[in-house]
Each structure stands twice: as C-alpha cells, then as structure tokens.
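Structure, as structure tokens:
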Amino acid sequence: MSDSDEDMPLAIRKRQPASTNPSTDDENIENSGSDSDIPLGKRKRPAVRRKVIDDDDDDDASSGSDKATRPAAKRRSYKEESDDSDNSSYGSRSTPKKSNRSTSSLSDGKDDSSDSDVPLAAKKKPVPKPKTNGTPTTNGTTNGSSRVKAAPKYKEESSSDSDTPLAAKSKKPAAKKPTAKVTKVKSEPDTSSSRKPKAAEKSKEKSKGSSSKKRVKDEPEEPARPKKVKKEEEEEDLNAWWLNQDKNEDEDDTVKWTTLQHNGVYFPPEYVPHGVKMKYEGKPITLEPEVEEVASFFAALLYTEHAENPTFQENFFRDFSKLAKRFKTVPAITSFSKCDFTPMYEYFQVEKEKKKNMSKEQKQALKDEKLALDELYGVCYLDGRKEKVGNYRIEPPGLFRGRGKHPKTGCLKLRVQPEQVTLNLSKDAVVPKAPAGHKWAKIVHDDTKTWLATWKENVNDSTKYVFLAAGSSLKGQSDFKKFETARALKKEVAGIRRGYMADLKDKKMFIRQRATAMYLIDRLALRAGNEKGEDEADTVGCCSLRYEHVTLEKPNIMHLDFLGKDSIRFQKSMEVDEQVFKNIRLFKREPAQEGDELFDRLKTAELNKHLQMLMKGLTAKVFRTYNASFTFQDQLQKLTPKDGTTAEKLLAYNRANREVAVLCNHQRAVSKGHAVQMDKITDKIRALKYQKMKLKRTILTLEPKLKKKRPELLEPESDLEDDWIDEHEVQLMLKERERVRLKWEKDNQKRKENKEKPLSEKDLKEMLKEVDVREKELAKERKSGNVPGAKGATVEKCEAQLLKLDERIAATRTAMVDKEENKQTALGTSKINYIDPRISAAWCQKYDVPLEKIFTKTLRDKFKWAMTVDPAWEF
DNA sequence: ATTTCTACTTAGAAAATGGCTG
DNA sequence: CAGCCATTTTCTAAGTAGAAAT
C-alpha cells in the first residue's frame, strides 16, 4: 500500500496542533529508538501522566466489596504477567515514572501486522485510490448563515394571523436569482469543474445577501397560501447549501443561525374520559378522569411484554395507586393483583376497530387535521429559509417504556405543561403564543443551539428537545461533516492502527488499556461505553466492559457477550491479535472478578482526548462510521454484478448493507409470523427432498442392478419421516383434487361463453377418479418401493432432474438462511446513520439503478446533499 | 480531576401506510 | 375490497461527547 509509507506516519504526527507539539515531525516510525520519534500522543501524555500502574494502587483490598452488579470503577493492581516477555516492567512496583516513555518501541510493534489488520468483519484492504476526486465541496462546512450579516427582520403580520406568525410569511425569501441558477446547475452533468465556478458565484451573492433578504421583509403579505408543489422545489434549491460551499475550514460553526422563527410546539389534546370502568376485586369502579387516564395507559398495554413485566407493573402501580389515593378513589386501590383492566382493554379494541372502519371522509378529515398541524408547527424559518421541524409534538403523557431491565420502566410520564417548555428563537421573531391560560417557561435566543424548544421529562429527569427535521440544512450539514470526518480517518487509519498496535505493549497499564480498547473499537465496531448510572438499564460499551463479558479461549479466541445499547445482546467470538489476547488476560487477572471493569483505568473521555490528538475530530464513534462506510463501499464493489439485472444489483446492495448491519450489531425483534414462514420454507425443502426420493426410486425401478452399485440411492433423505410423507401425500392429493376441480370450473366457464354444453358433475367425478387412481399408485409405490416414474423416464433424465433438485434445495436453503439472518438484522439503522449516502448515490449512477429503489422518500430528502456526487466518487 | 449537565446522534419498537392477493 | 404482510414513518429511549460545575 502506498499509503502505508506515506500516510501512515502522518496519521500519528500530522494531527498535531502546531502549537502543542513542535518537534513532532520526524518521519521515521521505525526508528523508534529515539525519543523524538515517539508519536505525539505519547509524547504529550507526560503532562497528564497518570501514575504508573503499580504505584498507584493498592486498592486490591477493596475490590472484594463490589457488588455483583455494577461496582464503582475500581483500580486493580496488576501482577506481573509472566508469559508476556516485555511486560516484565509492568507489575513491579518501582516502575520509574518518567522514563517509561522511551520504551514504547514502535518498531517492535510489528508494523506488518498492522497493515493486515483489517477491520474484523470486513477484511478489506483499503481502497488504493486516495482519490479525492475533484469534489471541491468536501470540507468546508460553510456556514452561510453566519455570513449574512443583516438579520432579516420579519415583519409582524397583521394581527389576524398573529397566532400563526410564520404562515405565509417570507414565502419566497431571497430569490429568484439563485433559484434559477441552482436549477441550472442541477441539470448539468454535475462535474466538479462545473460546480466550482458556480460555487464561487454563489458565494458572491451571499455577501449581497442582505439586500435580497430585505426584499423579503418588505414583501407584501401573501394571501392565503396557494399551495405548494411548485414552490417546494424552489425552496429546496434555496436551501441547497451543499452547492455553495467554499472551503473555509475555520468558519465558526458554533453559531448555528442568524435568525430563527417558528410557531412553538404542539401540545397533545386534553384527556377525554371514556367512562369505561375497570374492575377492582371484581367490581366495576368509578375513577376520576385523571385516574382513569393512567389506568387506561396500562390497559392499552395489556398482554404486551411491557404489561407482563413485573418491574413495569410495579412502577406503574406505585404511581397509579398513589394517584388514586390522591383522588380518594373508592375502594382504595392497594393491590395490583386486584385490578382488572380488561374492560378498558376491550373498549380500546373496539375503538380501534371502529377507527379502521371509518369512512373515507372521516379518514380524510383526520389527515387534513394532521396536515394543518404540519403546516403550522412543522415549519420554521432559519436565516429566512423555510425548514422542516422534526418532532414538534410535545410528548404525550404515558407510561415510560424503558428498554431491557430499566429500573424505571412503567413509571408514569406526566403531561408536560407549557410552563415547563422553553423556546429558542431570534430576538426579533414573534414569540408564539402559549396555549390559552398558560405561559412559556422561558424564551431564549441562543444562536449556538439548534433546538427550538426544550423541556425536562419527569421520569429520568432528562432533557427533551425539539429539533429541525432530518432533511434540514442544519442536520444535513452536520451529517456531511460526520462523513467527512470518517473519510479523514480513512486516510489516517493505517498510522493510527500502527500506533495502537505498538501501544498494546506499552509499559503503562493505562496506555495498554487504551490501546486495547482502541483495537476493539476499531475491529469490532464497539461503542465507546460511557459510564452509566444506577437507575438505568445495565448495558455496556467498550470502556465499560466488565470481567464477565469477556472470556478467552486458548490460542487467541475472544468471546464477547454483553448487553449493548438498547439492551441488545452483543455476542460474537473472534480471533484477536496475540497481544490483545495477552492484554485482556492480564486485565482479567486477579484480583479482578465478576463486576470489575475490564478497563479499570480507562474512561471514554480520556480515550477521546487521545483520539482527538491523533486526528482532529476523531472520537470513538468515528470508527464505527468509518468502518461501516468503508465496509459498505468495499462489499458493494465486490458484490455488484456489472451486467446483472436491477434486481441482482439490488440484492448485492442489500447484502453489502447487511454486512454493515451485522458489523454494527443492529438487530430487531423477530417478527411474530417468522416461525410460521420458516416452517413453510422447511416444508418446501422437504417437498423437494420428497421428489428426490421419488426420483431415486424411479432410477432403481428402471435399473434394479444399481442397487448394488449405488447404495446411496437407497438411503433415505434426511429429515424426511414417514409421518411427514404420509401427510405430504395426503396434501398432494388434496391439492390435486382442488386443481382438477378448478380446471373443471374454468373449462365450464369457457364452454358457457362458447355456448357449448357444460361439463357435468359426472365429468368432474370422472376426472377425480384419476386422482384416486394416482393415490392408490402412490400407496403401492410406498409399499413396494417401486416407482415407475413418468412415461419415458430414463435413468439419465432422472439424474438430471436430481441435480436440478439439489440446486433448488441449495437455493432454498440459502434463501432460508438469508431470511433467518435478516429476520433479526435491521438494515435501516446503518443505512440511515452509518453509510455515507454518497456511496449509494454514486453507485446508483454508475450502475444505473434508480435511486428510489434504495432510498425512501424521507431518506432522499435527508440525503439530498449527497445526491449529486460524481459517479466515480469514493468514500 | 471528577462529576454533572447539555445537546445532539443513534436506535429499535410501534404505528401508519401501501401494495398485494385471495 | 377487506385483510394481510412488508415497508416506511413516527416516536422517543438510549447512547456519545463536550462543556460547565464542583
């Protein structure tokens, strides 16, 4: 790899903020001997220097106290690891604090191995071409907004629409000019060369921005909105930030907007009591609406996993009974087991049914209502441009549905009052009215934040926000930035890998742990693993892995088994680097025990700080993004059949996608119909085997001599039991009769049309008799084992058919495996969050696959910034 | 230095929709 | 043309990571 020589070293040293580390430039990694060669990261460390492993703790005594649950992080002291040659220095108490630095020999860090270290799942080599291909757009997240100096003031609307301040406002802000231009650009073959000039032009315009904005401001109010469609497009073009980026890297990106106005948030409607009585001790009881509401929350979940979960029940009931008490419900509700919510449940079922059967007009009315809300709350104006708002609905009250073993699952999530909600908008924007009789908690004007509204939720005391929609420019820009950082990592990764491979043997435990963690994060796409609190589900990521999550097996196999984000199980086994294996064994050594952290002196913050100095913008999560996108591109390239049909190409696409989903451990609950569907497929395979069996018999019937020569023909097919065959043959005959009858009906129909005389029932019976005959034959065949086969059957023909059957069985099997695996693999998450959409866009162009086969409407919207890449673009 | 808070991305479940078929 | 299943969208929980507070 050419890059290994050149790029590699860069990775390590390049990053340095010039200020911090002057001397770092030496080239030779191999010369590790001299101090100066040590990669920056290391050099820097001394400042922060954590104690050398041995001297810092003697905590061992305490370690025993840890509860089986999550103990507070503890430090352990490490004994010498005897078999590890170079770590002799480790355990010994006297490690010299300062000197250690020199030791880390990069040289012995087997550089060779590091190259070969491909991301686990994807054993791909880095694509050779560093091709940054012209796309000039790449880095500069230009923040157009900050440039526009004059904050356009939006004029107040006439009082009449004051409650919908935004509506109909600044409809066509700035501009025809840019619109026209951009449109043109679009139609052009979008080559980098053509783009460049345009960008320049545009940015010029930007500086004039204020004047055009002004126009907006003065624009007479529009009459009622004429309804979009056309409009939409224009507006979108205006928002096409990706077309006019210039590479101004130092643009201040802390400021997110210059002006921001919106209509606030939508509160869920007040509770409307239904009056259905739940039962307590078998008797219907009357509840105040407030109490009834909460009972209904639970009733609606009856028979779901949540409602069956004891923790959920307990938490729900605590809150519920407390509320009932407050409202002096009689009789007092003191026992969950005496509650019977089924009447409510049934009522809801009926309601659901009713809803389904609503007339078209009713349904349409509902839709219109939604649309109206969308129009009011679903949009805002950011720097004068119309943007979609994401979750403008305040979360309705309900029961908290924590995932996994969340201690608080089932707790009552209270209704949010306007008094709890803070809005963020321009100083000069119209402050949306709070609901009648209410006021907002606060109004702020923080242009460094992207949220429009925020409030605190009562169950976990966490903060909720209203943000712009995924398709907005703000989100798009940060998405773009995310992938650019991942691409930057691509260039640096070889060096970074070499660096941590070398650090695996560092003397300082902390550094070893850090390197080992980096290895896992890079190779296994683990998450960082921040620390979690007591009142959250017990899940872990890399840095929070505990003793019991990792087991080692002889030569170099590591088994990981733990619950990750959302309590999704991560269970994989893989071969790991020898030194990693040793390190983990060391970390697991006494006095470590169940409950102890594997990386007992590593915190995500420290890890990220280190990463940050290896490469600007690098954090643990970037590895996931990088490995996902890289793997995807690599797989896609390998799997796509150049001359395949669209369907085949799509299959390849989905396979590549799945590869990534597996890498990232993205799972979903198995659908409830899954088992049934699998059974069907299994049956299909059995049916094929049955045919095989029959064919073999036919061969033997035709050529009995073969019994000796080819005994395998006599062997029964696997998984084909007599009982099954019985049933199968019954079914076959049933189907056959059905078929005959259908044919008869059809023929009759035809005859009727042709005015011929219809076939009689008798004819039908005649035809069915043939089936009876066949049935008898089958029975006979089973007894004797002699299967004459179809007329004209020959051994050769049968053999050929056998082969075909084998193929079909194999194909069905793969389909089954495919389905099985896909059943619990969620492709969406990686597509939405990890795979650079430009890879997909380029692929679609290159292979002539329509974009919409790959991205849904929302995804196309979200990724619109990526849709115009050059077909040759590479991640 | 450590802990807590804040803001934003990532995540699977659930609800809604759509396309198909019996 | 309802019913069914797969796909898409919505919802909000659960992460990450940097900043602020202690």
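Owing to the predicted nature of the structure, the values given are computational and were not obtained by experimental measurement. Throughout, a chain's letter reflects where its sequence line sits, starting with A, and its residues are numbered from 1.
- Checking C/dA17, C/dT8, C/dT12 against the side-chain heavy atoms of A/Lys621 singles out C/dA17 as nearest.
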Discussion item. Across nucleotides 13-22 of chain B, 5' to 3', mark each nucleotide with B, S or - according to how protein heavy atoms within less than 4.0 Å reach it.
Written reply: SS--------
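- Note on A/His406: every side-chain N or O is 4.0 Å or more away from OP1 and OP2 of C/dA13.
- Side-chain N/O atoms of A/Ser478 include one lying less than 4.0 angstrom from OP1 or OP2 on B/dT9.
- The base of B/dT10 lies close enough to the side chain of A/Lys565 for a donor and an acceptor atom to sit less than 3.5 Å apart.
- Not less than 6.0 angstrom separates the ring centroid of A/Tyr392 from the ring centroid of A/Phe267.
- Of the N and O atoms on the side chains of A/Glu387 and A/Ser472, not one donor lies less than 3.5 Å from an acceptor on the other residue.
- Side chains of A/Tyr653 and A/Ser840: a donor on one and an acceptor on the other come within 3.5 Å.
- Using modelled atom types, one finds no donor on one side chain facing an acceptor on the other under 3.5 Å when comparing A/Asn460 with A/Ser462.
- Contact annotation: A/Asn608 reaches the phosphate of C/dA17 (side-chain N/O to OP1 or OP2, under 4.0 Å).
- A/Asn822 has its CG atom 14 Å from the P atom of B/dG12, to the nearest Å.
- Atom pair A/Leu474:CG and B/dC8:P shows a separation of 8 Å (rounding to whole Å applied).
- Across all strands shown, A/Gly673 has no heavy atoms under 4.0 Å from either base or sugar-phosphate atoms.
- Under the 6.0 Å cut-off for aromatic ring centres, A/Trp865 and A/Phe480 qualify, their centroids lying closer than that.
- Counting to the nearest Å, the C1' atom of C/dT16 and the CD atom of A/Glu531 are 13 Å from each other.
- Atom-to-atom, NZ of A/Lys256 to C1' of B/dA7 comes out at 9 Å; the value is rounded to the nearest Å.
- Contact annotation for A/Thr450: backbone-only contact, meaning every heavy-atom pair under 4.0 Å involves sugar-phosphate atoms and none involves a base.
- Counting any heavy atom pair closer than 4.0 Å across all strands shown, A/Gly541 reaches no nucleic acid atom.
- Taking 4.0 angstrom as the limit, A/Thr463 places none of its side-chain polar atoms (N or O) nearer than this to OP1 or OP2 of B/dC5.
- A side-chain donor-acceptor contact under 3.5 Å links A/Ser544 to the backbone of A/Gly541.
- Comparing A/Phe400 and A/Leu859 by the nucleotide of DNA chain C that holds the closest heavy atom to each, the one mapping nearer the 5' end is A/Leu859.
- Each of C/dA14, B/dG12, C/dT9 was ranked by its minimum atom distance to the side chain of A/Thr856; first place goes to C/dT9.
- For the residue pair A/Gln513 / A/Thr516, no side-chain donor-acceptor distance below 3.5 Å is found, with atom types taken as modelled.
- Computed from coordinates, the A/Asn833 CG to C/dG15 P distance equals 15 Å when rounded to whole Å.
- Among the atoms of the strands shown, only primed sugar atoms or phosphate atoms (P, OP1, OP2) are found under 4.0 Å from some heavy atom of A/Ala620.
- For A/Thr619 and A/Asn608, the side-chain atoms include no donor-acceptor pair closer than 3.5 Å.
- Neither OP1 nor OP2 of B/dT9 sits under 4.0 Å from any side-chain N or O of A/Tyr465.
- Between A/Lys482 and B/dT10 there is a side-chain polar atom (N or O) within less than 4.0 angstrom of OP1 or OP2.
- Taking the nucleotide of DNA chain C with the nearest heavy atom to each of A/Ser671 and A/Ser462, the more 5' of the two is matched to A/Ser671.
- Rounded to a whole Å, the CG atom of A/Asp446 is 14 Å from the C1' atom of B/dC8.
- Nearest-nucleotide assignment on DNA chain B puts the 5′-proximal partner with A/Asp461, out of A/Arg624 and A/Asp461.
- At the heavy-atom level, A/Gly828 lies nowhere under 4.0 Å from the strands shown.
- A/Phe467 comes within 4.0 angstrom of a nucleotide base, judged by non-hydrogen atoms across all strands.
- For A/Asp566, the listed nucleotide lying nearest its side chain is B/dG12; candidates were B/dC8, C/dA17, B/dG12.
- If you look at A/Tyr303 and A/Tyr345, their ring centroids are closer than 6.0 Å.
- Looking at the side chain of A/Thr619, the nearest of the listed nucleotides C/dG18, B/dT10, C/dC11 is C/dG18.
- The shortest distance between the side-chain N/O atoms of A/Gln824 and the OP1/OP2 oxygens of B/dG12 is not below 4.0 Å.
- Contact annotation: A/Thr604 side-chain N/O to C/dT16 OP1/OP2 distance is not under 4.0 Å.
- At whole-Å resolution of the value, CG in A/Asn665 and P in B/dT10 are 17 Å apart.
- In this entry the distance linking CH2 of A/Trp455 with C1' of B/dT6 reads 15 Å, nearest Å.
- Here A/Lys408 lies out of heavy-atom contact (under 4.0 Å) with every strand.
- The aromatic rings of A/Phe298 and A/Phe341 lie tilted to each other, with the angle between the two planes from 30° to 60°.
- Taking 4.0 angstrom as the limit, A/Lys532 places none of its side-chain polar atoms (N or O) nearer than this to OP1 or OP2 of C/dA14.
- OP1 or OP2 of C/dT9 sits under 4.0 Å from a side-chain N or O of A/Thr858.
- Map A/Lys456 and A/Ala826 each onto its nearest nucleotide of DNA chain B; the residue landing nearer the 5' end is A/Lys456.
- The side chain of A/Asn391 places no N or O atom within less than 4.0 Å of a non-bridging phosphate oxygen (OP1 or OP2) of C/dC11.
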